[in-house]
Participant: 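Can you read through this structure? Questions will come right after.
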Number of protein chains: 2
Amino acid sequence: MTTTSDSTGEAPTPRQQAVLDAVLGLMVESGDQLTMDAVARRASCSKETLYKWFGDRDGLLAATVQWQASKVRARRYDRQHLDVAALRDSLRGFAAAWLTTISSPTSIALNRLAIAHAASSGSNLGRLVLANGRFAIGERLKPVLEEGREAGLLDFDDAETAFRTFFGLVGRDVQIRLLLGDRLPLPPAEIAQDAERAIDQFLALHGAAKPKPQA
Amino acid sequence: MTTTSDSTGEAPTPRQQAVLDAVLGLMVESGDQLTMDAVARRASCSKETLYKWFGDRDGLLAATVQWQASKVRARRYDRQHLDVAALRDSLRGFAAAWLTTISSPTSIALNRLAIAHAASSGSNLGRLVLANGRFAIGERLKPVLEEGREAGLLDFDDAETAFRTFFGLVGRDVQIRLLLGDRLPLPPAEIAQDAERAIDQFLALHGAAKPKPQA
DNA sequence: AGCGACCCGTAACGTACGGTACGGTTCGCG
DNA sequence: CGCGAACCGTACCGTACGTTACGGGTCGCT
């Protein structure tokens, strides 16, 4: 039975964090040979300790996913004045952050692992990755969209649907291509450019023609 | 050494097709336990035959990907009269077909396998899936887009970029969610609706304001 | 100093699976 | 009929890996 880093668990100790970082390192370097032996060797700990701390292999992987998620979580986009320029900045920030995330080696390795795991039957790895990726950013972006709507800057019926459009315009084919091993260099300059284009398109679809139509 | 169904290979014999269908069936039912033993049992053939025909496990998987691709490939969208209604129909057909494909159990299983494989180093599985999925549809759609532009119905600079926008608007978060195990029922009615919405959005972004501006 | 908790390193066990070998059967052909 | 090619079913081998067990070492507490 796991003692720490359970699915609802508390924060890992620094030593445990070092172990989880070792897992992340191994995943990125060579996603396949992620064996308990390799983790123990890399983290300079015994396998017995791994099993005491994390229960079994799946527990270790789950803890790793949550550890990585806790590292990314997330600068607040505090609601500023919210004119159209501020809204653009906010959306552009989200888009660039998302592209940076999904193109990072860590995210690629983690998603590959979770997807491979989802092929087997029961496993919350996929659910964990979804909750901390796709759905987390959705819940953080939707309030921004709704504030934009209240300010008369955006026009849409359903925030979820609008977010999915945003998601598609930003991500396009990037994630699936990277997951399938396509070389797709995404330097910061191109990320900025892609984010800009995506926001232009999103505002073309959902920007309100007239600010505050009923004001 | 593989004798048949090489990476450039000729069509598999009917018996080989039955074997590859057995692989597809196993993949869909329980993607993990896709062992050579299980394939042989399901296909009622000996492992020795599998190795003679396909070389090794990777050869079998590659042949399976190509077999599936050959089954999907692809009704022609012959260039019809090409007014705006015909263009809409054509795009809507592409969108619905793509959504149907990526939400099919076979595609999900195949992509999971290829993604897991891409975590290991050398492997053309990911490349194969990309070539027969994302890039195949791109090459088939771009001529339609360009005809639409020539007819003054569409406005864009780069067909590749326009296609990626199309791809994002159609696919959104569907594929990644399905790959990660999210339940996401996508009945034909919803596919049709999603395709319609995606085409509306695409035309809002790239529809030419005035047909044949220089005519 | 003595004791217990914690942990490292390594060895050991069981199993699953990719790959190979072999006997037996069917089928086409001279 | 006689023969060889193709193939099925099964047994077998080697290895990799998850998991457990054990010996020894370090640290904190009394």
Side-chain angles (χ1 to χ4, degrees), chain A residues 1-5 10 12-23 26-27 29-65 109 112-114 116-117 119-125, chain B residues 1-6 10 12-23 26-27 29-65 112-114 116-117 119-125:
Chain A
M1 310 299 171
T2 72
T3 60
T4 319
S5 301
E10 51 285 351
T13 70
R15 184 71 180 98
Q16 290 171 339
Q17 294 177 12
V19 171
L20 299 178
D21 280 328
V23 176
L26 280 175
M27 273 180 20
E29 289 172 24
S30 57
D32 49 343
Q33 61 220 45
L34 185 64
T35 97
M36 299 298 277
D37 246 318
V39 172
R41 224 174 312 122
R42 166 76 76 110
S44 292
C45 74
S46 75
K47 289 207 279 178
E48 191 175 14
T49 302
L50 292 183
Y51 282 97
K52 177 155 51 157
W53 284 349
F54 304 104
D56 58 4
R57 187 172 189 268
D58 283 0
L60 176 62
L61 298 182
T64 304
V65 170
R112 280 180 180 157
L113 195 71
H117 221 78
S120 308
S121 55
S123 152
N124 24 14
L125 260 196
Chain B
M1 318 292 175
T2 72
T3 58
T4 319
S5 300
D6 212 339
E10 50 286 348
T13 69
R15 183 74 180 97
Q16 290 171 338
Q17 294 178 11
V19 171
L20 298 178
D21 281 328
V23 176
L26 280 175
M27 274 181 18
E29 289 172 26
S30 57
D32 48 343
Q33 59 219 45
L34 186 63
T35 104
M36 300 298 279
D37 248 317
V39 172
R41 225 173 313 121
R42 168 76 76 110
S44 292
C45 73
S46 75
K47 287 209 285 178
E48 192 174 13
T49 302
L50 291 183
Y51 283 99
K52 177 153 53 159
W53 283 349
F54 304 104
D56 58 5
R57 186 171 189 271
D58 283 0
L60 176 61
L61 299 181
T64 303
V65 170
R112 280 182 178 155
L113 195 71
H117 220 78
S120 309
S121 56
S123 151
N124 24 15
L125 259 197

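Lettering follows sequence order; numbering is per chain, from 1.
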Participant: Given that Ser46(A) and Gln33(A) both sit by DNA chain D, which one's nearest nucleotide is further toward the 5' end?
Facilitator: Gln33(A)
Participant: Please report the interatomic distance CE(Met36(B)) to CD(Glu48(B)), rounded to the nearest 0.5 Å.
Facilitator: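 Output value for this atom pair is 12.0 Å.
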Participant: Does the dG9(D) base have a donor-acceptor partner in the side chain of Lys47(B) within less than 3.5 Å?
Facilitator: no
Participant: Is the distance from OP1 or OP2 of dT20(D) to the nearest side-chain N or O of Arg57(A) less than 4.0 Å?
Facilitator: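 Answer is no, no contact under 4.0 Å.
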Participant: Evaluate the criterion side chain to side chain contact (heavy atoms under 4.5 Å, CB included) for residue pair Trp53(A) and Leu20(A); output intermediate values, then yes/no.
Facilitator: CA-CA 11 Å; Trp53(A) 284 349; Leu20(A) 299 178; over 6 Å; no
Participant: Rounded to whole Å, please give me the gap between CZ in Arg15(A) and C1' in dT26(D).
Facilitator: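 After rounding, the gap between these two atoms is 14 Å.
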Participant: Nearest to the side chain of Thr35(B) - dC17(C), dT19(D), dC22(D)?
Facilitator: dC17(C)
Participant: For Asp37(B) and dA11(D), give me the distance from atom CG to atom C1', rounded to whole Å.
Facilitator: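 Rounded to the whole Å, the gap is 11 Å.
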Participant: Just how far is it from atom CG of Asp32(A) to atom CG of Leu113(A), taken to the nearest 0.5 Å?
Facilitator: 11.0 Å
Participant: Please check the phosphate of dC17(D) (OP1 and OP2 only) for any side-chain N or O of Arg41(A) closer than 4.0 Å.
Facilitator: no
Participant: If only side-chain N and O atoms of Trp53(A) are considered, is one of them under 4.0 Å from the OP1 or OP2 phosphate oxygen of dC6(C)?
Facilitator: no
Participant: Would you indicate, yes or no, if dC6(C) has its OP1 or OP2 atom less than 4.0 angstrom from a side-chain nitrogen or oxygen of Lys52(A)?
Facilitator: no
Participant: Taking OP1 and OP2 of dC8(D), is either one under 4.0 Å from a side-chain nitrogen or oxygen of Thr49(B)?
Facilitator: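 Yes, such a contact exists.
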